[in-house]
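I have placed the structure first, in the form of structure tokens, so that the comments after it can refer back to it.
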Protein chains: 2
Amino acid sequence: MNVTSKLTAAAERLFDRHGYMATGMDRLTEAAGISSRTLYKHAGSKAALMARVLTERDRRFMARIDVRTIDALFAALEDWVRVEGCRGCLFLRSRAETGGDTPEIAEAVALHKDAFHERVGEVVAMDLGREDPALAAQVVVLFEGATHAAVYRGADAVSAARAAAAVLLERARA
Amino acid sequence: MNVTSKLTAAAERLFDRHGYMATGMDRLTEAAGISSRTLYKHAGSKAALMARVLTERDRRFMARIDVRTIDALFAALEDWVRVEGCRGCLFLRSRAETGGDTPEIAEAVALHKDAFHERVGEVVAMDLGREDPALAAQVVVLFEGATHAAVYRGADAVSAARAAAAVLLERARA
DNA sequence: TGCAATGTAAAACGATCGTTTTACATTGCG
DNA sequence: CGCAATGTAAAACGATCGTTTTACATTGCA
């Protein structure tokens, strides 16, 4: 495992657990086992490191939701929550913590959310046999809601979203 | 308008726009038009101020969703988003920024989410004519999802949640 | 062999953090 | 009148912030 990926992984974990602003560079260097000079050579700045974390997380997340049905989409979220925990959407959190004023971060968030919405549209089209933008928008809302309600209601929130999505899909088929 | 409520209002606005950790005490004193000594006499500490902001926001929010139907619940959210903007749930954000390690904040968040869930249960019971905990959980997820999807999709996210909730309610009636 | 790259450890940078203190002005009420 | 409460302005507190720098060790390759 090279320096960059070790740093990125450590940063993602600390940002997720304690928040972006609350995580100082010294805790990052300590967790990654590198000096501050090496950190800045690889990351450039704290904002750039956060953007890199988001880009890497987007890759991992999108790979996880490479599915063919809406039900599998929520099953993937159940897995994600079980493995990665549930502390809300790290993308929206980064945007909120920076007030949307850091361009590199705001752009990474926008790219992720666009890609996610497009993926949901594709899954809906595969599952339903035709495109249905209205249903896709509802599934996005359910997914986002499950992610955030899981913070205080745990995996039950994902189950509720999964059941609701099944009803909406059934209705769209009729 | 007395000192305390002016401070609380200014703090809520700054915390919401720029994030909790990113908002320094000097910006709070400047926005509230008070000295730092007065701020600490009234608020005690930054964490206590944040908890007070959350308690006040809970009062205002719960008053807004004092409704009798599920549809009115999402209509109220549309109003809220139009008036207060959409930067995600300030309760979950405060919890995330502090890592859940500040008791006064974690407690205020838990109280709010419990009260919200109970209120949704009451609205579902009124609208449906009987209790339906499963439907209530789904409405909570839709509401939470609308709140957070609205950050990047605007009021359309609330409309989508509203339509989805109508379908779920219709299905529960049959 | 020797240079360039890549790393560490640690000090230092000015800035800003949350909070307290000092010194003084204003006001309301017995 | 006089005291207690409540406010402001501003300096100071030590700590920590993100970032850069200095000085030195290790490694890979021509």
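Nothing here was measured: the structure is a model prediction, and the numbers come from that model. Computation of the quantities below employed the complete heavy-atom set of this structure, encompassing side-chain atoms and omitting hydrogens, waters and symmetry-equivalent molecules. So you know, we letter chains A, B, ... as the sequences are listed, proteins then strands, and number each from 1.
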From the 5' end of DNA chain C to its 3' end, which nucleotides mark the outer limits of contact with chain A, defined by a 4.0 Å heavy-atom distance cut-off (strictly under)?
C/dG7 to C/dA10
Evaluate B/Phe91 against B/Phe116 for ring pair (Phe, Tyr, Trp, His ring centres under 6.0 Å), listing each step before the verdict.
CA-CA 12 Å; B/Phe91 296 88; B/Phe116 172 62; 9.7 Å; no
Salt bridge or not between [X] and [Y]? Use side-chain N to carboxylate O under 4.0 Å.
{"X": "B/Arg119", "Y": "B/Glu122", "answer": "yes"}
{"X": "B/Arg82", "Y": "B/Asp79", "answer": "yes"}
{"X": "A/Glu30", "Y": "A/Arg27", "answer": "no"}
{"X": "A/Arg173", "Y": "A/Asp132", "answer": "no"}

Per the under-4.0 Å heavy-atom filter, residues of residues 40-57 of chain A near DNA chain D come out as A/Tyr40, A/Ser45, A/Lys46
Can you list, by residue number, the residues of residues 92-101 of chain A that have a non-hydrogen atom closer than 4.0 angstrom to DNA chain D?
none
How bent is the helix from C/dT1-D/dA30 to C/dC17-D/dG14, measuring the angle between the end axes built from five pairs each, rounded to 10°?
20°
Does [X] use its side chain to pair, donor to acceptor, with the backbone of [Y] at less than 3.5 Å?
{"X": "A/His42", "Y": "A/Thr38", "value": "yes"}
{"X": "A/Glu97", "Y": "A/Tyr20", "value": "yes"}
{"X": "B/Glu144", "Y": "A/Ala149", "value": "no"}
{"X": "A/Arg93", "Y": "A/Arg87", "value": "yes"}

Please give me every residue in residues 13-30 of chain B whose heavy atoms get under 4.0 Å of an atom in DNA chain C, ordered by residue number.
B/Thr23, B/Gly24, B/Met25, B/Asp26
Within a strict 4.5 Å, meaning less than it, do heavy atoms of the [X] and [Y] side chains meet?
{"X": "B/Glu84", "Y": "B/Asp16", "value": "no"}
{"X": "A/Leu49", "Y": "A/Leu28", "value": "yes"}
{"X": "B/Lys113", "Y": "B/Val140", "value": "no"}

Let me see the working for B/His112 and B/Phe61 under ring pair (Phe, Tyr, Trp, His ring centres under 6.0 Å), right down to the final yes or no.
CA-CA 10 Å; B/His112 165 73; B/Phe61 175 79; 5.5 Å; yes
Tell me every residue that passes side chain to side chain contact (heavy atoms under 4.5 Å, CB included) with B/Val139, counting only those two or more places apart in sequence or in another chain.
B/Ile70, B/Leu73, B/Phe74, B/Val120, B/Val124, B/Leu135
From B/Arg59, B/Arg17, B/Arg60, B/Lys6, residue fulfilling salt bridge (charged side-chain N to carboxylate O under 4.0 Å, His left out) relative to B/Glu12:
B/Arg60
